[in-house]
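Keep in mind it's a predicted model, so treat the numbers as computed, not measured. One is the number of the first residue; the rest follow in order along the sequence.
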Amino acid sequence: MNFKYRIANFFIDMGCYLIFSLAIIFLTKEIIDVSYVRDILLGVYFLYYFCSELFFGKTIGKAFTKTKVVDKNTLGKPKFYQILIRSLLRGLPFYFISYFITEKGLHDHLSQTILIKS
């Protein structure tokens, strides 16, 4: 998949993540201790990607660019564990470095998924 789609997906998804995170923090500010904000942000980040790709095969960014995640071998819907691996790997600090080595990210390689036009 073209790198320009991945960049567009990233920026759209980060905008959505920011909006969701701010909404959650605003709605829970009276009941959540400030020391838990980092954990909440990480949880929202994981859940945004995991739930979007598990239930819809795409995130909001992928919907805008008309792309979706599929199983690399069958080109069908990815399995639960594949989406789990993809979502967990996005949280690694060195995750973005993998794009300088290959067109696919580390999350695609290890989860055996690819991004295609829908």
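How far OG1 of T113 is from CG of L110: 9.5 Å, rounded to the nearest 0.5 Å. Expressed to the nearest 0.5 Å, how far CD of E30 lies from CG of L27 amounts to 11.0 Å. For the atom pair S87 OG and F46 CZ, the distance stands at 5.0 Å (nearest 0.5 Å). Here the straight-line distance linking atom CG of L89 with atom CG of L84 works out to 9.0 Å at 0.5 Å rounding. Of the inter-residue distances, the one linking I40 atom CD1 with D33 atom CG reads 9.5 Å to the nearest 0.5 angstrom.
A chain of hydrophobic side-chain contacts below 4.5 Å, direct or via other Ile, Leu, Val, Met, Phe, Trp or Tyr residues, connects V69 to F56. Residues V44 and I31 fall within the same hydrophobic cluster, defined by Ile, Leu, Val, Met, Phe, Trp and Tyr side chains chained together at heavy-atom separations under 4.5 Å. Criterion: ILVMFWY side-chain heavy atoms under 4.5 Å apart, direct or through other members. Under it, F10 and L42 are not part of a common hydrophobic cluster. With hydrophobic clusters built from ILVMFWY side chains whose heavy atoms lie under 4.5 angstrom apart, F11 shares a cluster with M14. Under the 4.5 Å side-chain contact rule for hydrophobic residues, I19 and I24 do not share a cluster.
The side-chain heavy atoms of I25 and L41, taken from C-beta on, include a pair separated by under 4.5 Å. Looking only at side-chain heavy atoms (C-beta outward), F20 and I60 come within less than 4.5 Å of each other.
Under the rule for a side-chain hydrogen bond (donor to acceptor under 3.5 Å, both in side chains), S52 has no partner lying at least two apart in sequence or in another chain. Y36 is linked by a ring pair (Phe, Tyr, Trp, His ring centres under 6.0 Å) to nothing, counting only residues two or more places apart in sequence or in another chain.
Annotation: salt bridge (charged side-chain N to carboxylate O under 4.0 Å, His left out) contacts involving residues 16-28, sequence neighbours excluded, are absent. Residue pairs meeting the side-chain hydrogen bond (donor to acceptor under 3.5 Å, both in side chains) criterion with at least one member in residues 16-28: none, sequence neighbours excluded. Residue pairs meeting the ring pair (Phe, Tyr, Trp, His ring centres under 6.0 Å) criterion with at least one partner in residues 63-84, sequence neighbours excluded, are F50-F80. Applying the salt bridge (charged side-chain N to carboxylate O under 4.0 Å, His left out) rule to pairs touching residues 40-66 yields E53-K62, E53-R86, E53-R90, sequence neighbours excluded.
With K117 contributing its side chain and K68 its backbone, the two residues share no donor-acceptor pair below 3.5 Å. The backbone N or O of A63 sits nowhere less than 3.5 Å from a side-chain atom of T67 that would complete a donor-acceptor pair.
If you check the side chains of D71 and Q112, you find no donor sitting under 3.5 Å from an acceptor.
Here the closest non-hydrogen pair linking G61 and D13 is N-OD1, 2.7 Å. Taking both residues in full, the closest heavy atoms of L54 and I83 are given as N-CG2, 3.8 Å, listed atom of the first, atom of the second, then distance. Of all non-hydrogen atoms in Y48 and C16, the two that sit nearest each other are OH-CB, 3.7 Å.
For R6 and D108, the salt-bridge test passes: some basic side-chain N is under 4.0 Å from an acidic carboxylate O.
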Q) Are L115 and N9 close enough, and set up right, to give a side chain to side chain contact (heavy atoms under 4.5 Å, CB included), and what steps lead you there? A) CA-CA 11 Å; L115 190 65; N9 292 345; 3.7 Å; yes
